[in-house]
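Structure, as structure tokens:
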Amino acid sequence: MEEWRAVLEAARAQPSAREEGLLMLLYELGLRASEPGRLRLSYCRKLHEGELYVWRGKGSRTGWEDLSTHTTDALYAWIKERYPEPNKRKPGDFLFPARRRHKGKVMGLSRWKMWRIVKDLGEQAGIPEQVAHPHAIKHSRVQHLLEAADAEPELSSEKVLLAAADVVGHKSAQTTLKHYSAKTAAEKDLLEKVTKKALE
């Protein structure tokens with residue numbers, strides 16, 4: 001959590017609102033590096049209701065996702081910065097457009113660019129290079145959610161695991177468990193408990 005917060009603070013220190021919006025989306029929805037670049041302004045038509053349409057790859061669940069007010073506010077700040085004149089915003093415009101055109105066309109941020117952004121923010125935050133990448137943010141989200149099973153005894157391990165799978169768009173809880181990194185004895189015990197209660 002400390003490393004994640006450090007990277008987020010580095011994003012908030014940037015002159016543009018883009019980095020904060022990107023990181024909060026990556027974390028809250030457990031997006032892959034290629035997925036933010038696919039988002040269009042039309043996917044934000046329910047943003048005032050705290051919802052965003054997300055098109056995920058690799059067979060993960062696609063559809064409307066709930067967002068926290070923090071992430072919603074960060075996205076609004078970015079939209080106002082990137083498209084300052086509301087009457088000129090087109091539904092097909094990319095939410096996170098690339099700065100360079102590809103064969104004359106405006107495209108969304110590439111997977112490579114997302115990796116570069118997170119790596120640069122990680123360096124500024126003093127995070128080890130091996131964990132300063134977009135997929136580590138997805139792993140962190142899952143890990144934080146699963147650890148809630150230990151912090152909140154009234155929540156069943158099964159419910160926490162299913163909630164984690166739902167948040168990051170996994171169709172299978174088994175996939176979610178692959179993102180859980182058990183490093184300490186306590187974490188290994190928690191992983192075994194979650195696995196036993198949820199997947200027996």
Side-chain angles (χ1 to χ4, degrees), residues 3-5 7-83 89-102 105-125 127 131-142 144-145 164-170 175-176 179:
E3 290 179 334
W4 156 247
R5 293 295 306 175
V7 175
L8 182 57
E9 289 306 314
R12 287 173 172 163
Q14 302 305 306
S16 172
R18 183 185 71 170
E19 279 74 5
E20 181 181 2
L22 276 171
L23 250 66
M24 294 183 83
L25 266 184
L26 284 173
Y27 179 81
E28 187 166 357
L29 300 180
L31 298 183
R32 297 181 180 89
S34 60
E35 292 168 345
R38 298 174 180 161
L39 300 174
R40 308 272 185 155
L41 288 183
S42 60
Y43 298 4
C44 302
R45 67 178 180 271
K46 291 186 180 181
L47 201 55
H48 64 285
E49 299 175 20
E51 293 184 47
L52 178 74
Y53 187 84
V54 178
W55 188 86
R56 299 179 190 263
K58 294 189 176 181
S60 294
R61 194 192 67 257
T62 292
W64 291 98
E65 299 282 1
D66 292 328
L67 295 177
S68 67
T69 55
H70 299 296
T71 301
T72 300
D73 290 346
L75 291 180
Y76 270 128
W78 164 241
I79 291 171
K80 288 176 183 177
E81 177 187 320
R82 180 62 181 83
Y83 301 100
R89 296 174 190 165
K90 299 176 183 177
D93 288 340
F94 285 99
L95 179 58
F96 296 104
R99 292 197 171 118
R100 292 185 181 179
R101 292 173 177 259
H102 178 71
K105 294 182 179 180
V106 175
M107 303 296 290
L109 284 180
S110 67
R111 179 179 178 275
W112 178 88
K113 183 61 178 176
M114 277 302 315
W115 276 72
R116 184 77 253 174
I117 289 170
V118 175
K119 182 178 179 182
D120 289 346
L121 292 172
E123 287 177 1
Q124 293 171 36
I127 303 303
V131 294
H133 56 81
H135 211 63
I137 295 174
K138 183 177 185 129
H139 280 245
S140 296
R141 177 63 163 157
V142 171
H144 296 162
L145 288 168
D166 185 61
V167 165
V168 297
H170 291 157
T175 303
T176 307
H179 290 275

Spacing of [atom1] belonging to [X] relative to [atom2] belonging to [Y], to within rounding of 0.5 Å:
X: Ser42; Y: Phe94; atom1: OG; atom2: CZ; result: 10.0 Å
X: Leu52; Y: Arg45; atom1: CG; atom2: CZ; result: 10.5 Å
X: Met24; Y: Arg12; atom1: CE; atom2: CZ; result: 5.0 Å
X: Ser34; Y: Trp115; atom1: OG; atom2: CH2; result: 11.0 Å
X: Glu65; Y: Tyr43; atom1: CD; atom2: OH; result: 13.5 Å

Please report the shortest heavy-atom distance between [X] and [Y], naming the atom on each side.
X: Glu81; Y: Ser16; value: OE2-OG, 2.7 Å
X: Glu28; Y: Ser68; value: OE2-N, 2.7 Å
X: Ala125; Y: Ala10; value: CB-CB, 4.3 Å
X: Ile137; Y: Leu23; value: CD1-CG, 4.2 Å
X: Ala132; Y: Gly122; value: CB-CA, 4.0 Å
X: Glu19; Y: Ile117; value: CG-CG2, 3.9 Å

Inset, instruction - Report the C-alpha separation of Glu35 and Leu29 in whole Å, then their side-chain angles, then the decisive distance to 0.1 Å, and conclude whether the side-chain contact (heavy atoms from CB on, under 4.5 Å) test is met. - result: CA-CA 10 Å; Glu35 292 168 345; Leu29 300 180; over 6 Å; no

Does any non-hydrogen side-chain atom of [Y] lie less than 4.5 Å from one of [X]?
X: Lys90; Y: Tyr83; result: no
X: Phe96; Y: Arg18; result: yes
X: Trp78; Y: Leu95; result: yes
X: Glu51; Y: Asp66; result: yes
X: Leu67; Y: Leu47; result: yes
X: Pro36; Y: Leu26; result: yes
X: Leu121; Y: Ile127; result: no
X: His70; Y: Glu20; result: no

Inset, instruction - Using the side-chain contact (heavy atoms from CB on, under 4.5 Å) rule, pick out the option among Leu39, Ile79, Leu75 that qualifies with Cys44. - result: Ile79

Inset, instruction - Determine whether more than 12 heavy atoms belonging to other residues, nucleotides or ligands lie under 6.0 Å from atom CZ of Arg111. - result: no

Legend entry - Plane angle bin for Tyr53 and Trp64 - parallel if under 30°, tilted between 30 and 60°, otherwise perpendicular: perpendicular

